[in-house]
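Here's the structure, in structure tokens; my notes come after.
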Number of protein chains: 2
Amino acid sequence: MLEMNKRRITSKELAKLAGVSSATISRAFSPDSRIGSATRDRILAVAREYGYQPNAIARSLNNQRSRLVALVVNAIGNPCEAEEQQLLVHRLQERQLLPIILCCADHDDRLQLMRLASTYQVDHVVVFSDMVSMQDAVDIFHTTKPIIVSFEPLDNEKVSSIRIDGSAAADEIIDKIVGDGKKRFAYLSGTKSSWIDKLRRKWFVDALAKRGLGLQAEAFGDYSYDSGFKEAVLLLHRAKVDAIICGNDVMAIGARDAARRVLGKNTPDDIAIVGQDGIAMAAWDCNDLTTLSLDHVAFIDAVVELIERHDAELEGPHSITLTCTARWGSTA
Amino acid sequence: MLEMNKRRITSKELAKLAGVSSATISRAFSPDSRIGSATRDRILAVAREYGYQPNAIARSLNNQRSRLVALVVNAIGNPCEAEEQQLLVHRLQERQLLPIILCCADHDDRLQLMRLASTYQVDHVVVFSDMVSMQDAVDIFHTTKPIIVSFEPLDNEKVSSIRIDGSAAADEIIDKIVGDGKKRFAYLSGTKSSWIDKLRRKWFVDALAKRGLGLQAEAFGDYSYDSGFKEAVLLLHRAKVDAIICGNDVMAIGARDAARRVLGKNTPDDIAIVGQDGIAMAAWDCNDLTTLSLDHVAFIDAVVELIERHDAELEGPHSITLTCTARWGSTA
DNA sequence: ATGCATTGTGCAAACGGTTACACAAACACA
DNA sequence: TGTGTTTGTGTAACCGTTTGCACAATGCAT
């Protein structure tokens with residue numbers, strides 16, 4: 001049983017116990033370094049006995065490599081991001097990389113936070129949030145390996161990006177809805193300043209335009225269920241629409257509830273409702289949402305690929321494009 | 001504009017630029033250290049100019065204080081934890097503490113992961129997951145400040161804990177359901193090995209026992225919507241019950257959907273369904289769940305209080321007890 | 001003028017590892 | 001037996017800070 005409250009043993013102390021120098025201890029813990037296998041085994045045995053583990057902080061200082069990854073996210077609870085976050089965290093951990101979560105609603109706080117994380121010499125930065133200016137991120141993390149950003153492209157030697165293309169899927173969805181006889185569309189955006197939201201909106205607006213249609217009404221929420229509910233109520237009172245395209249799935253669920261509960265309109269007959277993201281909850285029986293969805297696994301695969309590319313010093317930022325697909329539910 | 005790809009400037013280099021020693025640089029960045037205010041101002045100005053920020057890794061090595069906090073969680077996406085995680089992350093960040101997320105389903109991986117995090121000399125450990133043995137956690141993190149564990153009590157000088165008491169609320173809920181004429185109860189557990197799940201189950205079993213009732217049937221899920229749905233179907237085919245108490249809200253939503261969709265039974269008339277956690281989604285119009293809920297803010301307040309207690313070296317582990325309340329919805 | 005706190009700064013030794021370099025021992029080959 | 005390569009280990013410098021100690025300069029009371 002290890003003693004409590006005792007300082008962790010250092011390599012120098014272990015060296016004395018094993019009758020070697022601290023350099024040899026270090027080598028015993030570095031996979032491919034010149035060391036006799038007998039010595040290594042003996043050291044590892046003694047290390048286990050005394051509970052020795054190399055201090056990652058000291059190691060990082062020397063290596064210039066912290067194995068820390070900053071994850072900049074909008075929110076942790078939000079299901080649209082959570083599934084991806086979860087996946088990414090697992091993939092990082094498999095690679096012995098530790099994720100530091102930076103999560104902050106307020107703009108200035110976010111900058112402060114990124115500055116703080118940058119002092120920890122993180123090896124990589126993944127920006128999931130489209131609320132942070134890439135230029136700010138680059139300025140703050142200019143000493144790390146390239147930054148990976150989910151969406152917003154920025155022409156900079158430090159930024160690798162993942163582009164999302166949902167235009168084809170939006171086209172299919174609009175096609176179906178128009179085929180069902182709907183004509184009066186509304187778009188319910190996420191946050192106003194969101195880059196990705198503008199992009200998503202464009203896919204649908206373009207798809208409508210192809211058919212000579214436009215938006216009859218528009219509103220802005222904040223990606224939350226409550227905002228979806230509230231804005232849908234206002235929207236439906238304000239304008240006569242028979243289809244609402246929402247900025248994400250959670251707002252779509254809110255809008256669906258609002259239509260049903262407050263206006264007595266049911267999907268898909270009275271009104272069509274479309275989400276975006278393709279989160280698991282969208283497929284739940286009680287929701288069964290029609291949604292423009294992105295393959296989360298493919299997305300995270302892409303992020304991991306970019307990280308590995310950076311790790312391998314195959315620098316030069318890179319860009320990967322992913323295509324969305326439609327998930328057909330009973331709401332449109 | 002800062003130059004790209006350039007090594008971060010060090011305190012020694014900045015010292016040269018400012019015409020002082022690196023010790024003085026350090027003092028300029030330490031709030032209460034003996035330094036002339038003129039010198040400090042000059043240094044901060046030069047630092048800003050060259051984009052200097054003290055290297056937190058080096059600082060941690062020296063200080064024996066990393067300002068890193070390990071958060072051991074079951075999953076990131078799971079809404080029951082996500083709300084708390086989100087809150088805690090914010091509170092930590094306010095205190096300039098950076099959270100490292102450890103998230104892992106598999107038992108052995110989890111131990112590996114905790115060992116990895118422990119090499120980063122985290123200052124605090126918060127265990128949100130009831131899937132990890134506290135004894136393992138203590139063995140691994142025996143050099144950090146006391147561990148904070150959400151639920152499972154362990155009599156150890158390194159463990160502070162937060163106890164949850166839901167017995168009174170369970171009593172109220174059972175009272176209401178029995179008053180509505182229901183008699184045949186089932187309990188749908190979360191994971192089998194979960195400590196907290198056993199506790200929650202006990203609250204309800206005790207409340208039933210008080211009224212001379214027992215469980216007619218029982219099943220085990222994994223806290224997910226899908227498992228709630230599937231297990232409820234099996235359960236309702238297997239046994240005649242008119243009330244299902246679920247281990248968390250998400251399973252309750254799954255069970256409600258299963259009852260309605262597969263069996264054609266509606267809440268609360270045909271069957272009563274109760275959740276636990278009190279997540280935001282439970283209050284959504286489409287769910288409106290009756291649930292035994294915990295005040296997340298109070299919970300995180302308690303966690304933060306324990307962390308500050310440890311930080312202030314008012315050591316000695318401490319224990320805080322929180323009481324759950326009932327949230328009344330239309331499902332029971 | 002003298003002594004004595006007080007204040008501001010530099011020097012150098014930590015903190016706990018890694019690694020370039022040096023060197024001895026072991027082995028190869030003629 | 002000597003030369004050359006390989007292998008395993010130790011020495012010491014370094015990674016970028018913090019901080020105890022020493023010391024000069026300043027202020028203040030005699």
Side-chain angles (χ1 to χ4, degrees), chain A residues 6-44 46-47 50-68 96 116 118-123 143-144, chain B residues 6-44 46-47 50-68 96 116 118-123 143-144:
Chain A
K6 243 196 65 183
R7 226 185 63 266
R8 203 171 282 260
I9 192 178
T10 73
S11 79
K12 226 166 276 181
E13 297 170 313
L14 189 71
K16 202 150 287 171
L17 291 166
V20 293
S21 77
S22 74
T24 305
I25 299 291
S26 168
R27 285 189 268 255
F29 283 90
S30 304
D32 20 49
S33 54
R34 295 200 332 204
I35 185 178
S37 56
T39 322
R40 162 170 282 148
D41 292 346
R42 183 161 47 87
I43 289 178
L44 291 182
V46 182
Y50 290 90
Y52 171 81
Q53 291 266 110
N55 179 326
I57 295 288
R59 183 182 276 204
S60 304
L61 179 58
N62 194 296
N63 285 344
Q64 314 279 61
R65 196 148 182 304
S66 64
R67 307 196 69 85
L68 258 22
Q96 309 270 88
L116 176 60
S118 85
T119 66
Y120 279 81
Q121 323 295 111
V122 294
D123 287 345
T143 53
T144 67
Chain B
K6 245 197 62 184
R7 228 185 62 264
R8 203 170 281 261
I9 192 177
T10 73
S11 77
K12 224 167 280 181
E13 297 171 313
L14 189 70
K16 201 150 289 170
L17 290 167
V20 294
S21 78
S22 73
T24 305
I25 299 291
S26 169
R27 286 189 265 255
F29 283 90
S30 304
D32 20 49
S33 54
R34 295 202 328 205
I35 183 178
S37 57
T39 322
R40 162 170 280 148
D41 292 346
R42 185 161 46 87
I43 289 178
L44 291 182
V46 183
Y50 290 90
Y52 171 81
Q53 291 266 108
N55 179 326
I57 295 287
R59 181 181 279 202
S60 304
L61 179 58
N62 193 295
N63 285 346
Q64 312 279 64
R65 196 147 182 303
S66 65
R67 306 196 70 83
L68 258 22
Q96 309 270 88
L116 176 60
S118 84
T119 66
Y120 280 81
Q121 322 296 111
V122 294
D123 286 346
T143 53
T144 67

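Side chains are part of it too, since the values below use all heavy atoms of this structure and drop only hydrogens, waters and symmetry mates. Chain letters run A, B, ... following the sequence lines, proteins first, then strands; residues in each count from 1.
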TODO: Ignoring backbone atoms, establish whether B:Ser11 has a side-chain N or O less than 4.0 Å from OP1 or OP2 of D:dT17.
DONE: yes

Open item on the list: Using every non-hydrogen atom in the two residues, find where B:Ala18 and B:Arg42 come nearest and quote the distance to one decimal.
Closed with: O-NH1, 2.6 Å

- [ ] Taking all heavy atoms of B:Ser66 and all of B:Ser60, pick out the closest pair and write down the distance.
- [x] CA-OG, 3.5 Å

Task: Nucleic acid contacts of residues 58-68 of chain B, taken as heavy-atom distances under 4.0 Å to DNA chain C - done: B:Leu61, B:Asn62, B:Gln64

- [ ] Taking only heavy atoms on the protein side, list every residue of residues 21-34 of chain B lying under 4.0 Å from any atom of DNA chain C, sorted numerically.
- [x] B:Ser21, B:Ala23, B:Thr24, B:Arg27, B:Arg34

- [ ] Check the pair B:Tyr120, A:Arg67 against side chain to side chain contact (heavy atoms under 4.5 Å, CB included), reporting the backbone distance first and the verdict last.
- [x] CA-CA 10 Å; B:Tyr120 280 81; A:Arg67 307 196 69 85; 3.3 Å; yes

Task: Pairwise 5' ranking along DNA chain C for A:Asn55 and B:Ser37, keeping only the more 5' one - done: B:Ser37

Open item on the list: For the backbone of A:Ile35 and the side chain of A:Arg40, can you confirm whether one donor and one acceptor N or O come within less than 3.5 Å of each other?
Closed with: no

Task: Test item: B:Thr119 side-chain N/O and B:Leu116 main-chain N/O as donor-acceptor pair under 3.5 Å - done: yes

TODO: Measure across A:Ser11 and A:Ile25 and return the closest heavy-atom pair with its distance rounded to 0.1 Å.
DONE: O-CG1, 3.7 Å

Task: Working for side chain to side chain contact (heavy atoms under 4.5 Å, CB included), residues A:Arg65 and A:Asp123 - done: CA-CA 6 Å; A:Arg65 196 148 182 304; A:Asp123 287 345; 3.4 Å; yes

Task: Any A:Tyr120 side-chain N or O less than 4.0 Å from OP1/OP2 of D:dG16 - done: no

TODO: Over all heavy atoms of both residues, which pair between A:Phe29 and A:Ile43 is shortest? Give the atoms and the distance, please.
DONE: CE1-CG2, 4.5 Å

Open item on the list: Defining pairs by Watson-Crick or G-U wobble geometry with both distances under 3.5 Å, how would you list the stems of DNA chain D with at least three pairs each?
Closed with: C:1-30 with D:1-30

Task: CD-CD distance between B:Gln64 and B:Gln121, expressed to the nearest 0.5 angstrom - done: 7.5 Å

